[in-house]
Amino acid sequence: MAATTATGHCMAHFMEPDSTKCNISGATRHTVYTHTQRYNHFCSLSMNGCQARDPRTPVGMTETRTFPSVSTPAMAMERLTSVITELGSDPPVFRSGIIRLEVPIEQQIEAIDWLRGQQQFQHLPRCFFSGRRQRRINGYPPHSNSLFDYDTINRDSSPLSVAGLGSAVFFRHFSPFSLHDWRSIKRFLSKKCSLIRAYGAIRFDALANISSEWEAFGSFYFMIPQVEFNEFEGSSMLVTTIAWDESLSWTFGKAVHALQATMRQVSSNIVKLRKEVPNTSILSSNNVPSKKLWDFGVNRALQMINKNNSPLIKVVLARSSIIRTSPDIDPLTWLATLQVEGENAYQFCLQPPDAPSFIGNTPEQLFHRNKFDIYSEAMAGTRARGDSNTLDMQIALDLLSSSKDDKEFSIVRECIRRKLEGVCTTILVEPEKTIRKLPRVQHLYARLRGRLRSEDDEFDILTSLHPTPAVCGFPTEEARVLIAETEMFDRGMYAGPVGWFGGGESEFAVGIRSALVEKGLGALIYAGTGIVEGSNSSQEWDELELKTSQFTKLMKLEVVSLDTKKAMLSEM
């Protein structure tokens, strides 16, 4: 069903009374009540929030209840199960709403380990999102400065990572992500209930045909988890969320019944993931495009860039590496190994029902909004890390002095600056250019900060910043068309925005360093590189190899004989 595009740029404000806190049944309750509008009913088996007729009207009730802390996940399960039963017998009077129930746990448990313990839920959607963790020195992140400390220091109340199972409400369409869709998500969110968030991703190119492996994701897929595990510094939290909207044929009773069915199957066991992948044998490996076709595509792009009067300055071309292994690659186990390399990087996993898992370990932030403050980053140019400090510094100096890489990086930084200027009152860039070092690679890097004129400009920020020249090219439309004509695979959510929306805060990374993983089918590993005047196709191919190595080198892969491959395939 195609989304109805709403016009205008202002979202209706919540009509909130002064927030109050009280203790009800041992819980701290934080409630937001709003006026609601009656809608015609849709016939649906589950609640897709994008089907709201007028998403500018928020749901009638938004509430967070926090219960006393317990010592184990099993005790948290017991508490939540009891509370859900009580709620079912005493439903709210509102026709729509969302209620978050929280039970803190007095120990820090990794969210990904909790999610690994729920492997029996292949039919339910799941998600995982981990923010960038920075090693702190005397309480402050390294290399912090007065301009950008706010972005990293004042986020201690946010979870380090979140794992979600099932959807209290989901948002998906096959038409491009629109203002209507953004409002549909925001109507379930509130500044007063800041940890109610919608996690998900948006396609790189919503105008491109969707291939079968990406079909379950649609043009975008977001979910507010039904059952959620939050990991904090020194503690954890088990959470359940109930969302309902009678106008979407999803009553409070249906929502409670669906949550109870999920909770009866949720395990309180924690499966501690090893930070390494067991020995795995490659059954087949194939790159799309092949090296020969890659050279052809890069040379064609260079001809267009060097053509007289051509507006095209840069295009980012990508590769999909198809790997089949025995045994199957478990996406969460693979993601856990990437955390070893993930300092100061985002980790994510998004999996619609009965679909492949989109996982990634991306260093690149698209934007972080905290109320009116917007942060973004420019990153381009890639070099390997050196085996010694001296060599590493020499490589970094070579990157800083490279005219080709400086041109590529300047395009990215100035494009982001101009787009921020369209919706922000002030723009600050600091530093203008420096080196960002990651475990395997290093990049040219700059940070940007802006002040939004209105928080409702968030949709304009998202749609204007994506796609950045770092993953598409410049000018955007010319580069997008060339990518569509050149690449022989569907990028899907690769290089698209991946992250979460909240009531007063949102954060999105760029879905690079990523893979699509499905049992029995193996993995599609994606990587891209910028083509500008002076690029060399063989060197760019080597850069692709370097970027995908964070996946392949961790796997301890062994090439097996043809006879062994045949035997393995016959057993599958």
Side-chain angles (χ1 to χ4, degrees), residues 132 134-135 142-145 148 291 294-295 297-299 301-302 305-306 312-319 340-345 361-365 376-417 429-448 468-474 479 495 510 512-513 526-554:
R132 298 192 296 194
Q134 291 186 316
R135 179 175 56 85
H143 313 302
S144 63
N145 56 70
F148 289 109
K291 177 61 166 62
W294 169 263
D295 291 341
V298 170
N299 291 332
L302 288 171
I305 290 170
N306 295 325
L312 189 65
I313 299 174
K314 172 185 176 180
V315 64
V316 178
L317 296 180
R319 185 185 75 182
V340 176
E341 304 216 342
E343 183 178 345
N344 205 14
N361 182 71
T362 173
E364 189 165 343
Q365 181 186 80
S376 188
E377 297 175 345
M379 197 164 68
T382 304
R383 293 289 191 280
R385 297 296 304 272
D387 293 333
S388 66
N389 289 337
T390 301
L391 179 58
D392 196 55
M393 183 176 295
Q394 182 58 50
I395 294 172
L397 291 174
D398 177 69
L399 179 57
L400 282 168
S401 60
S402 166
S403 59
K404 178 261 184 186
D405 290 290
D406 179 73
K407 182 176 183 179
E408 182 181 347
F409 171 73
S410 297
I411 291 170
V412 175
R413 183 190 60 210
E414 295 311 306
C415 181
I416 294 174
R417 189 205 302 262
V429 183
E430 186 178 296
E432 286 280 337
K433 185 173 77 169
T434 189
I435 293 291
R436 171 92 177 273
K437 292 183 181 291
L438 299 170
R440 292 189 187 276
V441 295
Q442 46 192 320
H443 305 281
L444 295 175
Y445 171 81
R447 298 196 70 190
L448 299 92
T468 71
V471 294
C472 181
F474 187 81
V510 181
I512 57 174
R513 313 292 201 274
Y526 302 95
T529 181
I531 309 302
V532 297
E533 184 180 359
S535 292
N536 176 278
S537 62
S538 293
Q539 292 176 354
E540 303 299 341
W541 182 268
D542 291 341
E543 183 173 320
L544 296 177
E545 295 286 293
L546 181 62
K547 288 176 177 177
T548 58
S549 68
Q550 70 167 333
F551 284 94
T552 56
K553 285 188 177 180
L554 288 172

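As a basis for the values below, the full set of heavy atoms in this structure was taken, side chains included, without hydrogen atoms, waters or symmetry mates. Values in this document were obtained by computation on a predicted structure and should not be read as measured data.
- At a threshold of 4.5 Å between non-hydrogen side-chain atoms, the residues Glu533 and Asn306 count as touching.
- Cys472 and Ala479 make their closest contact through O-CB, 3.5 Å (heavy atoms, listed as atom of the first residue, atom of the second, distance).
- When every heavy atom of Ser376 is checked against every heavy atom of Ile416, the shortest pair comes out as OG-CG2, 3.8 Å.
- Taking Ser402 as the reference, Asp405 meet the side-chain hydrogen bond (donor to acceptor under 3.5 Å, both in side chains) condition, with sequence neighbours excluded.
- Contact detail for Ala446 and Val429: the closest heavy-atom pair is CB-CG1, 4.4 Å.
- Thr362 contributes a side-chain N or O that, together with a main-chain N or O of Val510, makes up a donor-acceptor pair within less than 3.5 Å.
- With sequence neighbours excluded, the residues forming a side chain to side chain contact (heavy atoms under 4.5 Å, CB included) with Ala301 are Val315, Leu317, Leu482, Ile531, listed by chain and number.
- In this structure, the side chain of Lys407 does not engage the main chain of Val532 through any donor-acceptor pair within 3.5 Å.
- If you run side-chain hydrogen bond (donor to acceptor under 3.5 Å, both in side chains) between Tyr445 and each of Lys437, Glu377, Arg413, Arg436, only Glu377 comes through.
- With values rounded to the nearest 0.5 angstrom, Asp295 atom CG is found 8.5 Å from Asn536 atom CG.
- By the side-chain hydrogen bond (donor to acceptor under 3.5 Å, both in side chains) test, Ser410 pairs with no residue at all, sequence neighbours left out.
- Residue pairs meeting the salt bridge (Lys or Arg N to Asp or Glu O under 4.0 Å) criterion with at least one member in residues 393-403, sequence neighbours excluded: Arg383-Asp398.
- In this structure, Leu399 and Ile395 have side chains that are not in contact, with every pair of non-hydrogen atoms separated by 4.5 Å or more.
- Glu545 is linked by a side-chain hydrogen bond (donor to acceptor under 3.5 Å, both in side chains) to Arg319, counting only residues two or more places apart in sequence or in another chain.
- Taking both residues in full, the closest heavy atoms of Ser535 and Leu302 are given as O-CD1, 3.5 Å, listed atom of the first, atom of the second, then distance.
- Residues Arg385 and Arg440 fail the side-chain proximity criterion, which asks for heavy atoms closer than 4.5 Å.
- For Glu364, there are no salt bridge (Lys or Arg N to Asp or Glu O under 4.0 Å) partners at least two apart in sequence or on another chain.
- Under the rule for a side-chain hydrogen bond (donor to acceptor under 3.5 Å, both in side chains), Thr468 has no partner lying at least two apart in sequence or in another chain.
- Taking Lys433 as the reference, Asp406 meet the salt bridge (Lys or Arg N to Asp or Glu O under 4.0 Å) condition, with sequence neighbours excluded.
- To the nearest 0.5 Å, atoms CG (Leu444) and CE (Met379) are separated by 10.5 Å.
- With sequence neighbours excluded, no residue forms a side chain to side chain contact (heavy atoms under 4.5 Å, CB included) with Ser403.
- A donor-acceptor pair is defined here as one N or O able to donate and one able to accept, closer than 3.5 Å; no such pair exists between the side chain of Arg513 and the backbone of Pro363.
- Here the side chains of Ser538 and Lys291 are in contact, with some heavy-atom distance below 4.5 Å.
- Distance check, rounded to the nearest 0.5 Å: CG of Leu312 to NZ of Lys314 gives 11.0 Å.
- At least one side-chain heavy atom of Leu397 sits less than 4.5 Å from a side-chain heavy atom of Met393.
- Of the possible donor and acceptor atoms, none in the side chain of His443 sits under 3.5 Å from a partner among the backbone N and O of Ala380.
- Residues satisfying the side chain to side chain contact (heavy atoms under 4.5 Å, CB included) criterion with Asp542, sequence neighbours excluded, are absent altogether.
- Note that the CG atom of Leu448 and the CD atom of Glu432 stand 8.0 Å from one another [nearest 0.5 Å].
- Note that CD of Gln550 is 4.5 Å distant from CG of Asn361, once rounded to the nearest 0.5 Å.
- For the residue pair Val316 and Pro469, the shortest heavy atom distance occurs at CG2-O, 3.4 Å.
- Residues passing the side chain to side chain contact (heavy atoms under 4.5 Å, CB included) test with Leu546, sequence neighbours excluded: Thr382, Ala384, Val441, Ser549.
- In this structure, Glu408 and Lys404 have side chains that are in contact, with non-hydrogen atoms separated by less than 4.5 Å.
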